[in-house]
Amino acid sequence: MTDIHIDTDVCIGAGQCALAAPAVFTQDDDGFSALLPGREGGGGGDPMVREAARACPVGAIKVSDSAG
């Protein structure tokens with residue numbers, strides 16, 4: 001299983017995550033990164049999740065594998 005964490009204190013709302021993995025990430029009403037409903041459990045295995053984390057200009061997204 002993959003865990004996704006968005007550090008909302010670091011996020012600047014660049015939107016690169018939503019561009020890289022639109023099936024997992026969106027932007028909230030204030031323009032900051034958020035997970036789409038139902039994607040909290042690792043993005044459903046979307047291969048673009050790690051690319052979205054790499055694309056974040058401030059490193060606000062962390063992706064890790066958890067033992068499951």
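The chain is numbered in sequence order, starting from 1.
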Notebook entry, point to check: Roughly how far apart are Phe32 CZ and Thr26 OG1, rounded to 0.5 Å?
Noted result: 13.5 Å

Item checked: Val24 side chain near Leu35 side chain, heavy-atom distance below 4.5 Å -> yes

Check: So, for Val63 and Val49, which heavy atoms are closest and what is the spacing to 0.1 Å?
Finding: CG2-CG1, 3.6 Å

Next item on the list: Identify the two heavy atoms, one from Cys11 and one from Gly13, that lie closest to each other, and give their separation to 0.1 Å.
Entry: SG-N, 3.4 Å

Margin query: To the closest 0.5 Å, what do you measure between CG (Asp46) and OG1 (Thr2)?
Written below: 10.5 Å

Checklist line | Minimum side-chain heavy-atom gap Phe25-Ile61 below 4.5 Å | finding: yes

Note to self: Enumerate the salt bridge (Lys or Arg N to Asp or Glu O under 4.0 Å) contacts for residues 53-62, please, sequence neighbours excluded, ordered by first and then second residue.
What the structure shows: Glu51-Arg54

Next item on the list: Side-chain contact test, heavy atoms from C-beta onward, threshold under 4.5 Å: evaluate it for Gln16 versus Pro57 and give yes or no.
Entry: yes

Notebook entry, point to check: Rounded to the nearest 0.5 Å, how far does OG1 of Thr8 lie from CG of Asp28?
Noted result: 9.0 Å

Notebook entry, point to check: Say you draw a straight line from SG of Cys56 to CD1 of Ile6; how long is it, rounded to the nearest 0.5 Å?
Noted result: 9.0 Å

Checklist line | Those residues that, when tested against Pro47, pass side chain to side chain contact (heavy atoms under 4.5 Å, CB included) (two or more places apart) | finding: none

